[in-house]
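Step one of this worksheet: look at the structure below.
Every chain is numbered from 1, with letters handed out A, B, ... down the list of sequences.
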Protein chains: 2
Amino acid sequence: MELDETDREILRILQSDARTPFSEIARRIDMSSATVHDRVGRMEDAGVIEGYHAKIDPRSVGLGTSAFVGLRIEQGREDDALDRLREIEGVQEIHLTTGEWDVMLRLTVEDTDALREVMFEEVSRIKGFSRSQTMVVLATDLEEAALSI
Amino acid sequence: MELDETDREILRILQSDARTPFSEIARRIDMSSATVHDRVGRMEDAGVIEGYHAKIDPRSVGLGTSAFVGLRIEQGREDDALDRLREIEGVQEIHLTTGEWDVMLRLTVEDTDALREVMFEEVSRIKGFSRSQTMVVLATDLEEAALSI
DNA sequence: CATGAAAGAATGAGCAG
DNA sequence: CTGCTCATTCTTTCATG
């Protein structure tokens, strides 16, 4: 889908506050709210807008510990191993990467004890990984939700 | 702030669709929309809800390449180096971690050429980093926006 | 936590350039 | 083809019990 500057402006607004009323967006971009409605609908249908999500402070809901986990995967076992990773609670992201690791996980769990449990009782038990490294997040200095559109 | 089961239910709904009308949330949790309004307001004020963001497909806006970058930082140079990282366009996340790397970046850029440019023209020029490794994301198998509340 | 009322917003049809 | 107007319905918001 082709996006013009008006679409991009709408995306910027919805990225920074997804609950902005269409009428308010319309005011800011100087168009009618019906037009905003149309354009947003088209971008949703085209998959440009994948969804709208509240960002919750993890600590407030008892998820105070986060980590990156690099994994080396044995040839031929990729699919099954990934399927099993996907089912582990706390596994927030799974990326396939070049470089030192084949798979990079992002974990979000209660505390370091829960992290140990996920790693030793769940991840380590999956066949197909030959090596792993856990990088515990000590602090997050920047976490920008918005893309530079 | 103390969250009860009703608050958590509201959070789950807003995590999965931040544009769900309060009136609809009210129907689902069997309370009045005024109560939902109150509770959401209190969670916003308390910082439990940090914001509402549209999730945009990066490819649709020409940001097709993503990478993790591990960095080793020299003692005493932390603050200045982080300040300069924060200003680089394409740096989406900055985490301080234990393990092989002191800093883990998440980059989102146009293509591999833009990635090379960010790494060689921007990141590499910052004093204070002794070593780096770039892990290009080949595919993202799972990217769960919602926490398991 | 609910009710009720006023203001505001979403939504879709039909129309104009 | 794109955006607007207009009318209906639904939602937000807040004062009050």
4.5 Å side-chain heavy-atom contact, B:R19 and A:L14
yes
I'd like to check B:V118 versus B:E89 (side-chain heavy atoms, cut-off strictly below 4.5 Å). Are they in contact?
no
So which pairs with a foot in residues 135-149 of chain B pass side chain to side chain donor-acceptor pair (under 3.5 Å), sequence neighbours left out?
A:R86-B:D141, A:H95-B:T140
Is the backbone of A:D4 close enough, under 3.5 Å, to the side chain of A:D7 for a donor and an acceptor to pair up by distance?
yes
A:I25 CD1 to D:dC4 P: how many Å, rounded?
14 Å
Does D:dT2 have OP1 or OP2 under 4.0 Å away from a side-chain N or O of A:R39?
no
Any side-chain heavy atom of B:I88 within less than 4.5 Å of one from B:L105?
no
Reading nucleotides 2-17 of chain C from the 5' end, what letters show protein touch, with B for base, S for backbone sugar-phosphate only, - for no heavy atom under 4.0 Å?
BB-----SSBB-----
